[in-house]
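Reviewing the structure listed below.
Side-chain atoms are counted along with the backbone in the values below, which use heavy atoms only and exclude waters and symmetry mates. Not measured: the values here are computed from a predicted model.
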Amino acid sequence: MENCKSFQRNHENVNISALIIDLQNKNTEKNMKILRDYAMHTSIPMSGVKIHTDINDKANLRQRFHSTLHVKINADEMDTHGLSRQNRERINEWGHELDITTEIKTAWSNLKDFAKEVFKNYLDAYVDENLRKVIISDKNLWQERLIPLKTQGITYKPKNGIPQDTVFMDYDALAYCINCMLGE
């Protein structure tokens, strides 16, 4: 989260403050922060680990086995004396157990949504509308040829008066930006 705040300070016209606050206020993010702090200062509070494996004889070899890991945290066994009142209250809200696997999946989904919005705001602030129109008009070229070929590198001049820069992006960043501009 500190990296996002630093990014906001360096790129004020991207205006992601509300996105940062919204992410920080999500229950999953609060739970993950508590677990991170607890693990750093006390121990990892796991109480149960289960692995469930499904076998599909008809699937190809790579998809034949599907395993799911579930890690539970017993809130009753956590030593909460050194934690803040807010963190103790939050742990009490968990009830007896917290399924950390579900929390991680939800946190990852929240983070992907957050990143998409940050990219969108960044692109809105820095990418010239004409370039955006060119990319959208070449949607099939990007989707069928350039992105599958793992195209790298892009040059542009930001529209907000920042001096002209040449920006080289790796394939993943470029593909992500193009997909954001294409609305996908």
Using every non-hydrogen atom in the two residues, find where [X] and [Y] come nearest and quote the distance to one decimal.
X    : Y    : result
G95  : A75  : O-CB, 3.4 Å
K30  : Q24  : CG-O, 3.6 Å
E117 : L19  : CB-CD1, 3.6 Å
L23  : F114 : CD2-CG, 3.8 Å

Has S109 got a side-chain atom pairing as donor or acceptor with T106's backbone, closer than 3.5 angstrom? no
Any chain of hydrophobic side-chain contacts (each under 4.5 Å) joining L141 to I136? yes
Between [atom1] on residue [X] and [atom2] on residue [Y], distance to nearest 0.5 Å:
X    : Y    : atom1 : atom2 : result
M78  : I34  : CE    : CD1   : 7.5 Å
K105 : T28  : NZ    : OG1   : 13.0 Å
I91  : L83  : CD1   : CG    : 5.0 Å
N121 : L123 : CG    : CG    : 9.0 Å
N179 : W142 : CG    : CH2   : 10.0 Å
K72  : I100 : NZ    : CD1   : 11.0 Å

Verify side-chain contact (heavy atoms from CB on, under 4.5 Å) between N31 and W94, making sure each step is shown before the conclusion. CA-CA 9 Å; N31 291 342; W94 297 348; 2.8 Å; yes
Would a 4.5 Å heavy-atom cut-off, applied to side chains only, mark M32 and I104 as touching? yes
Quick one: are I135 and L182 in side-chain contact, heavy atoms under 4.5 Å? yes
Pairing residues for D22 by the salt bridge (Lys or Arg N to Asp or Glu O under 4.0 Å) criterion, not counting sequence neighbours: K26
When you look at R85 and E89, which way does the salt bridge (charged side-chain N to carboxylate O under 4.0 Å, His left out) test go after all the steps? CA-CA 6 Å; R85 180 185 54 78; E89 289 173 359; 2.9 Å; yes
side-chain contact (heavy atoms from CB on, under 4.5 Å) assessment of D76 paired with H96: CA-CA 6 Å; D76 298 333; H96 176 67; 2.6 Å; yes
Does N87 form a side-chain contact (heavy atoms from CB on, under 4.5 Å) with K33? I'd like the steps, not just the answer. CA-CA 9 Å; N87 286 354; K33 183 181 181 314; 5.7 Å; no
Begin from the C-alpha positions of L111 and E29 and carry the test side-chain contact (heavy atoms from CB on, under 4.5 Å) through to its verdict. CA-CA 9 Å; L111 192 58; E29 299 307 313; 5.7 Å; no
